[in-house]
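A short write-up of the structure that comes next.
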Amino acid sequence: MAFDAGMVACLCHELNQNLIGAKIDKIYQPAKDEIFIVFRNGGQASRLLLSCAPGTQRVVLTAEKPENPLTAPMLCMLLRKHLIGAKLTDIQQPDFERVLIFTFSCYDEMGDPCVKYLAAEMLGKFSNLILLDQSYRILGAVKTVDFSTSEKRQILAGLRYELPPKQDKVNPLNETKEGFVQRAQTTADGLQPADRFILSSYAGISPLIAKEIVYRAHKVTKKPLCECDFDKLWFYFDLIVRCIREQTYHPVLIADHDGRAVEYSFVAIEQYGATAACDFYESPSLLVETFFETRAKAERHRQKAADVFKILSNAESRLTRKIALQTEELSLCSQKDEYKQYADLIHAHMYLIKRGMKSISVQNYYSQTGEMIDIPLDERLSPSANAQRYYKKYNKAKVAQTELNKQIDIAKADLDYLYTVFDALTRAETTAEIDEIRQELAETGFAVHKKGETKKKTMGKPLAFISTDGYRMLCGKNNIQNDQLTFKMADKNDYWFHVKNAPGSHVILCCNGEEPPERAFTEAARLAASHSKLAEGENVPVDYTKVKNVKKPPGAKPGYVIYHTNWTAYVSPEKIERGS
């Protein structure tokens with residue numbers, strides 16, 4: 001992410017244009033590392049978010065209305081004490097650092113005019129918000145830093161505030177062509193990349209901007225400095241630095257082909273070419289908030305998906321172990337016929353058996369050759385009791401075999417069902433779709449309902465497509481939607497499609513009382529194939545039949561259906577543009 005000194009300068013310019021002269025009306029601290037300040041200027045309210053959360057540090061204007069905690073934290077109370085009613089007179093970015101200093105005109109406890117400062121440091125994991133008095137003494141901070149944490153710089157009440165320690169780098173705003181070329185010539189030994197030279201030599205420049213300078217000069221982002229044209233490199237370096245000096249910013253958001261925000265900057269970015277889309281914003285605050293909100297949504301989506309995936313993985317492991325154990329038990333049940341033979345032979349030869357015998361060798365009447373067989377006996381039991389013991393083991397194994405076969409079939413059906421949920425999860429695009437899948441797992445007993453979650457089934461809208469011939473095609477996104485689509489939304493004379501013997505979506509080709517042309521059937525089959533586990537395959541078999549031929553067995557899991565009258569088409573999956 002490119003929250004570099006150039007982006008800070010861009011935001012500083014916007015804040016100076018919108019907030020200078022405004023007075024502080026309210027201050028909130030909804031989170032430990034976030035402060036919201038409401039400014040009023042001529043009856044118009046503006047909200048300023050100051051965040052020092054690592055990775056999402058920023059100072060931006062926002063439309064968000066934070067929840068005001070019932071009990072204000074100590075820092076929030078301190079800020080209210082010193083800054084409520086204060087007038088913002090200046091915002092500066094000292095020495096091209098990732099720091100903004102807000103200057104406020106206010107009154108002290110005695111009613112005398114004074115000045116207070118608020119320093120917003122946007123330094124990654126070292127980000128901080130620090131309140132200062134007119135002598136630059138620290139009054140309070142979001143993060144205090146004592147001597148045990150840092151020997152170089154402490155942030156404690158009463159100490160004089162100092163800017164973060166300077167790096168051994170040049171301020172790019174003060175650089176000249178002669179200085180740049182000389183520095184490049186001195187450094188251009190070996191194969192050091194040109195973007196690494198810019199990063200290591202100049203303060204406040206992000207890796208994105210360093211690569212952009214190299215790209216504009218040589219049309220590649222990675223190039224050894226010794227092979228660069230220094231005049232070209234300086235031209236584009238100065239071109240970007242001039243945007244900051246002259247405050248001619250072009251805030252831009254860069255997104256990949258899937259719409260995921262990947263970068264943002266204060267100037268146009270050309271290095272991604274056709275592999276990414278650039279969206280320009282008039283407001284850098286709106287740009288930064290859009291980027292972080294997009295990333296936050298993606299993170300929430302990832303976390304929810306990971307939660308559901310963990311539930312599915314645990315359930316899959318549990319069922320796999322259960323099937324293995326029950327299969328092993330089932331193999332032991334194969335001895336049941338042997339137990340019955342032992343019992344029958346003991347009865348037939350009871351006159352030969354005495355209490356206390358550990359075994360007996362008798363003729364096996366069940367064998368065609370009639371060979372002798374050794375039968376183990378319990379010496380503590382009578383001959384009759386030994387026979388009964390083997391009859392009991394036979395009956396127990398017989399019942400167990402029947403029950404184990406039943407339980408193994410149930411476990412295998414549950415496992416097949418989980419694979420359909422796995423497939424739906426891989427195609428879930430929104431957090432709402434993931435919530436539907438989790439709710440489905442709760443309804444089927446594989447997960448528990450979250451606290452406060454309604455147990456009533458909710459369903460989003462299925463995907464809708466229009467065939468080339470104008471026929472509507474509906475596609476379920478998960479098992480609950482598949483059931484609703486097939487048994488409640490579809491007409492009995494519509495056509496139903498599903499990939500053969502693999503997890504996938506139910507697809508309905510809406511006929512409107514007509515018989516669709518062959519092309520519509522092909523497109524619906526391709527749609528079913530592309531929304532299945534076999535989406536990467538070729539010549540994928542897709543079963544299709546009329547909806548009236550599709551039945552759901554009583555007590556079956558969501559999405560499970562049976563049908564006997566059907567045709568099968570072999571198609572290659574193909575993405576189809578969504579309709580309305």
Side-chain angles (χ1 to χ4, degrees), residues 310-422 440-449 479 501-503 551-562 564:
K310 184 177 180 180
I311 293 171
L312 289 170
S313 298
N314 290 341
E316 180 191 25
S317 299
R318 187 170 61 250
L319 286 171
T320 303
R321 288 195 304 269
K322 181 180 178 181
I323 291 171
L325 290 171
Q326 290 177 335
T327 303
E328 185 178 348
E329 289 181 33
L330 188 61
S331 66
L332 298 176
C333 294
S334 62
Q335 298 177 352
K336 69 180 190 305
D337 292 331
E338 184 179 346
Y339 295 147
K340 188 174 184 300
Q341 287 182 18
Y342 284 173
D344 291 344
L345 290 171
I346 290 173
H347 266 296
H349 298 86
M350 197 165 301
Y351 63 96
L352 298 175
I353 303 172
K354 306 294 183 187
R355 185 189 289 268
M357 294 177 64
K358 293 183 178 181
S359 65
I360 185 172
S361 182
V362 298
Q363 187 177 7
N364 186 1
Y365 298 138
Y366 289 96
S367 173
Q368 292 181 353
T369 58
E371 74 273 6
M372 301 300 287
I373 184 172
D374 290 329
I375 303 175
L377 300 173
D378 189 333
E379 58 187 4
R380 298 168 299 173
L381 302 177
S382 66
S384 178
N386 268 293
Q388 290 302 316
R389 182 169 71 94
Y390 279 115
Y391 277 132
K392 286 180 181 179
K393 292 178 76 171
Y394 164 72
N395 289 324
K396 183 178 179 181
K398 184 179 179 181
V399 172
Q401 186 178 44
T402 303
E403 188 59 30
L404 283 170
N405 279 320
K406 185 189 300 182
Q407 291 299 320
I408 289 172
D409 288 343
I410 292 173
K412 286 182 177 179
D414 285 345
L415 202 55
D416 289 340
Y417 164 71
L418 287 181
Y419 292 146
T420 68
V421 183
F422 268 118
E440 176 187 334
L441 290 172
E443 295 290 340
T444 52
F446 288 99
V448 296
H449 285 281
N479 288 314
N501 297 329
K551 309 296 180 185
K552 188 171 187 67
K557 290 283 192 297
Y560 181 79
V561 297
I562 58 174
H564 302 290

Next on the checklist: I need the minimum non-hydrogen distance between Leu319 and Leu415, along with the two atoms involved.
Outcome noted: CD1-N, 3.8 Å
Checklist outcome for this item: Shortest non-hydrogen pair, Met350 vs Pro383, comes out as CG-CB, 3.4 Å
Item to check | Pro376 versus Ser359, closest heavy-atom pair with distance | outcome: CA-CB, 4.2 Å
Item to check | Pairwise side-chain contact, Gln401 with Leu330, heavy-atom cut-off 4.5 Å (strictly under) | outcome: yes
Item to check | Sub-4.5 Å side-chain heavy-atom contact between Thr420 and Tyr560 | outcome: no
Item to check | Heavy-atom closest pair, residues Pro558 and Glu440 | outcome: CB-OE2, 4.1 Å
Checklist entry - What's the spacing between Gln326 CD and Leu404 CG if we round to 0.5 Å? => result 6.0 Å
Item to check | Pairwise distance CD(Glu403) to CD1(Ile408) - rounded to 0.5 angstrom | outcome: 10.5 Å
Next on the checklist: Rounded at 0.5 Å granularity, tell me how far NZ in Lys412 sits from CG in Asp416.
Outcome noted: 9.5 Å
Next on the checklist: Please determine whether side chain to side chain contact (heavy atoms under 4.5 Å, CB included) holds for the pair Glu316 and Tyr419, giving the CA-CA distance in whole Å, both sets of side-chain angles, and the decisive distance to 0.1 Å.
Outcome noted: CA-CA 9 Å; Glu316 180 191 25; Tyr419 292 146; 3.3 Å; yes
Item to check | Nearest-0.5 Å distance, CG of residue Asp378 to NZ of residue Lys358 | outcome: 11.0 Å
Checklist entry - More than 12 foreign heavy atoms under 6.0 Å from CD of Glu328: is that the case here? => result no
Checklist outcome for this item: In this structure, CD of Gln407 is separated from CG of Asn405 (nearest 0.5 Å) by 10.5 Å
Checklist outcome for this item: Here the gap from Lys551 atom NZ to His564 atom NE2, rounded to the nearest 0.5 Å, amounts to 10.0 Å
Checklist entry - Are Asn479 and Lys557 close enough, and set up right, to give a side chain to side chain contact (heavy atoms under 4.5 Å, CB included), and what steps lead you there? => result CA-CA 9 Å; Asn479 288 314; Lys557 290 283 192 297; over 6 Å; no
Next on the checklist: Side chains of Ser313 and Phe422, heavy atoms from C-beta outward: is any pair under 4.5 Å?
Outcome noted: yes
Checklist outcome for this item: Heavy atoms of Lys552 and Gly559 approach each other most closely as NZ-N, 3.6 Å
Next on the checklist: With side chain to side chain donor-acceptor pair (under 3.5 Å) as the rule and sequence neighbours excluded, what pairs involving residues 381-400 come up?
Outcome noted: Asp344-Tyr391
Checklist entry - Which heavy-atom pair separates Arg355 from Glu379 by the least distance, and what is that distance? => result CG-O, 3.8 Å
Item to check | Steps toward side chain to side chain contact (heavy atoms under 4.5 Å, CB included) verdict (Leu345, Ile360) | outcome: CA-CA 10 Å; Leu345 290 171; Ile360 185 172; over 6 Å; no
Next on the checklist: What verdict does the side chain to side chain contact (heavy atoms under 4.5 Å, CB included) test give for Thr444 and Asp414, after you've listed the backbone C-alpha separation in whole Å, the side-chain angles of each residue and the deciding distance to 0.1 Å?
Outcome noted: CA-CA 10 Å; Thr444 52; Asp414 285 345; over 6 Å; no
